[in-house]
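A quick write-up on the structure given underneath.
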Amino acid sequence: MAAVRLPRFWEWGRKIVCVGRNYVDHAKELNNPLPSEPVLFLKPPSSYLREGHPIEIPWYSHNLHHEVELGLVLGKGGRCIPTADAMDFIGGYALCLDMTARDTQDTCKQKGLPWTLAKAFDGSCPIGDFIPKQKIPEPQNLRVWLKVNGALRQDGNTSDMIFSIPSLINYISNIMTLEEGDLILTGTPAGVSAVHEGDRLEAGLGNISTMNFTITRSSAKP
Ligand SMILES: O=C([O-])CC(=O)C(=O)O
Ligand SMILES: [Mg+2]
């Protein structure tokens, strides 16, 4: 059943759990302290965006950043998953963007407010195709890259994660039950930068998966 359903995991309405500050160089470029435990936040299922639809700059932001990340798609659910068993819970992978309204996030940080407006707006999680698990035998040694208008901006490797994939699954599942079809964003490497109306984004996981998106401005406004 899962083999048939998982490839369209973004249609299941499951949660998206995001890890922040999981690469030293990215934590440093934003002057954030290195975390002693994973930093977590959530995106709703309405964040999903597929190729062919533009990424919209929210009406309240003038500094939308790209963050390219490796996504883990849960193949089965669990609670308190031991680190040693964690890889068995992965059904596959996906190339993801954690679009971030950086100006809004800065305000939230200053005011001690949650990051919802900065991270969870419509279309804030563009994703590529589902990648079956067998296609990535070494997920902890994978190039993650992103170009804006053809210029390389982010070029990292998952070997530089502070918290490994199994340890993230263990940590998260000791806080909230993970379900089949959930997506975990594992954090972004360095090189995040602002995007503008009309920009073309191209991202990739090595040469296994690539995707393209354009940037527009949202017409929504209360
Ligand atoms: O907004 C941030 O810098 C935290 C984050 O999502 C990441 O590190 O991937
Ligand atoms: Mg991120």
Side-chain angles (χ1 to χ4, degrees), residues 10 15-49 55 57-58 60-73 93-128 139-140 142-148 153-165 167-169 171-172 175-176 182-195 201 203-205 209 211 213 215:
W10 56 87
K15 63 186 169 295
I16 304 168
V17 187
C18 306
V19 178
R21 303 178 188 167
N22 202 22
Y23 289 79
V24 173
D25 288 352
H26 172 62
K28 282 190 179 159
E29 74 181 342
L30 293 185
N31 295 318
N32 287 316
L34 294 185
S36 52
E37 288 190 359
V39 172
L40 301 183
F41 57 93
L42 294 170
K43 288 181 191 275
S46 46
S47 298
Y48 278 126
L49 191 76
I55 297 169
I57 304 171
Y60 45 82
S61 176
H62 295 280
N63 193 16
L64 180 65
H65 276 197
H66 55 77
E67 294 191 355
V68 65
E69 310 198 2
L70 168 67
L72 317 174
V73 183
Y93 303 92
L95 170 59
C96 304
L97 300 184
D98 168 19
M99 296 307 296
T100 303
R102 195 70 69 196
D103 44 357
T104 310
Q105 187 190 37
D106 288 344
T107 307
C108 293
K109 284 184 192 169
Q110 281 160 20
K111 293 186 177 173
L113 294 172
W115 293 355
T116 310
L117 269 69
K119 295 280 198 180
F121 53 89
D122 278 359
S124 60
C125 188
I127 49 155
Q140 208 72 77
L142 189 63
R143 191 175 165 227
V144 187
W145 57 271
L146 180 136
K147 294 178 182 177
V148 180
R153 290 285 174 79
Q154 291 193 267
D155 192 4
N157 193 292
T158 57
S159 59
D160 291 326
M161 283 184 195
I162 298 172
F163 300 103
S164 70
I165 293 168
S167 69
L168 290 174
I169 292 173
Y171 183 82
I172 295 166
I175 297 166
M176 61 187 92
D182 279 353
L183 177 70
I184 299 174
L185 265 58
T186 53
T188 196
V192 300
S193 70
V195 296
L201 269 51
L205 285 178
S209 181
M211 61 183 185
F213 285 91
I215 306 291

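Ligands are counted one by one from 1 in listed order, and the atoms in each one are counted from 1 as well.
- Below 4.0 Å from some heavy atom of G187 lie the following atoms of ligand 1, by number and element: 9 (O).
- Counting heavy atoms from C-beta on, the side chains of D98 and K119 come closer than 4.5 Å.
- Of the inter-residue distances, the one linking T100 atom OG1 with Q105 atom CD reads 6.0 Å to the nearest 0.5 angstrom.
- By the criterion of a heavy-atom distance under 4.0 Å, the side chain of D98, and not its backbone, is placed next to ligand 1.
- Of all N/O/S atoms in E69, OE2 sits nearest the Mg ion (ligand 2).
- T158 places a side-chain N or O within 3.5 Å of a backbone atom of L142 that can act as its donor or acceptor partner.
- The ligand atoms of ligand 1 that sit less than 4.0 angstrom from a heavy atom of Q105 are 1 (O), 2 (C).
- With respect to the Mg ion (ligand 2), D98 has OD2 as its nearest N, O or S atom.
- Set against the non-hydrogen atoms of L30, the atoms of ligand 1 under 4.0 Å away are 3 (O).
- At under 3.5 Å, a nitrogen or oxygen of T188, whether backbone or side chain, sits near a nitrogen or oxygen of ligand 1.
- The distance from atom CG of D160 to atom CD of Q140, rounded to the nearest 0.5 Å, is 9.5 Å.
- At most 12 heavy atoms of other shown residues, nucleotides or ligands fall within 6.0 angstrom of atom NZ in K28.
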Show your reasoning for whether side-chain contact (heavy atoms from CB on, under 4.5 Å) applies to L64 and F121.
-> CA-CA 11 Å; L64 180 65; F121 53 89; 3.6 Å; yes
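- Numbered from 1 in the order shown, with element, the atoms of ligand 1 that lie under 4.0 Å from a heavy atom of E69 read 9 (O).
- Residue-ligand proximity: R102 is placed with a non-hydrogen atom under 4.0 Å from ligand 1.
- Two residues are said to be in side-chain contact when any heavy atoms from C-beta on lie closer than 4.5 Å; Y48 and I16 meet this criterion.
- Checking only distances, R21 does come within under 3.5 Å of ligand 1, N or O to N or O.
- A side-chain contact (heavy atoms from CB on, under 4.5 Å) with M99 is found for exactly one of P58, S61, P126, namely P126.
- Which parts of ligand 1 touch H26 is read off a 4.0 Å heavy-atom cut-off, strictly below it: atoms 2 (C), 3 (O), 7 (C), 8 (O).
- Residue contact check for ligand 1: C18 places no non-hydrogen atom closer than 4.0 Å to it.
- Atoms of ligand 1 found under 4.0 Å from any heavy atom of F41, numbered from 1 in the order shown, are 6 (O).
- At a heavy-atom distance under 4.0 Å, only backbone atoms of V19 (N, CA, C or O) approach ligand 1.
- Annotation: the span from L201 atom CG to F213 atom CZ amounts to 9.0 Å, rounded to 0.5 Å.
- Considering I127, V68, L70, L146 as possible partners of L95, the one that fulfils the side-chain contact (heavy atoms from CB on, under 4.5 Å) test is V68.
- Contact annotation: Y23 has no heavy atom less than 4.0 Å from any atom of ligand 1.
- Residue contacts with ligand 1 for E29 are absent, since no atom lies close enough (heavy atoms, distance under 4.0 Å).
- The structure places CZ of R143 at 4.0 Å from CG of D155, a figure rounded to the nearest 0.5 Å.
- Contact annotation for E67 and ligand 1: only side-chain heavy atoms (C-beta onward) come within less than 4.0 Å of the ligand.
- Close approach to G20 involves these atoms of ligand 1, each under 4.0 Å from a residue heavy atom: 4 (C), 5 (C), 7 (C), 8 (O).
- The N, O or S atom of E67 lying closest to the Mg ion (ligand 2) is OE1.
- For ligand 1, the atoms lying closer than 4.0 Å to a non-hydrogen atom of K119 are 1 (O), 2 (C), 4 (C), 5 (C), 6 (O).
- Separating the OG1 atom in T188 from the CD atom in Q154 is a distance of 4.0 Å, to the nearest 0.5 Å.
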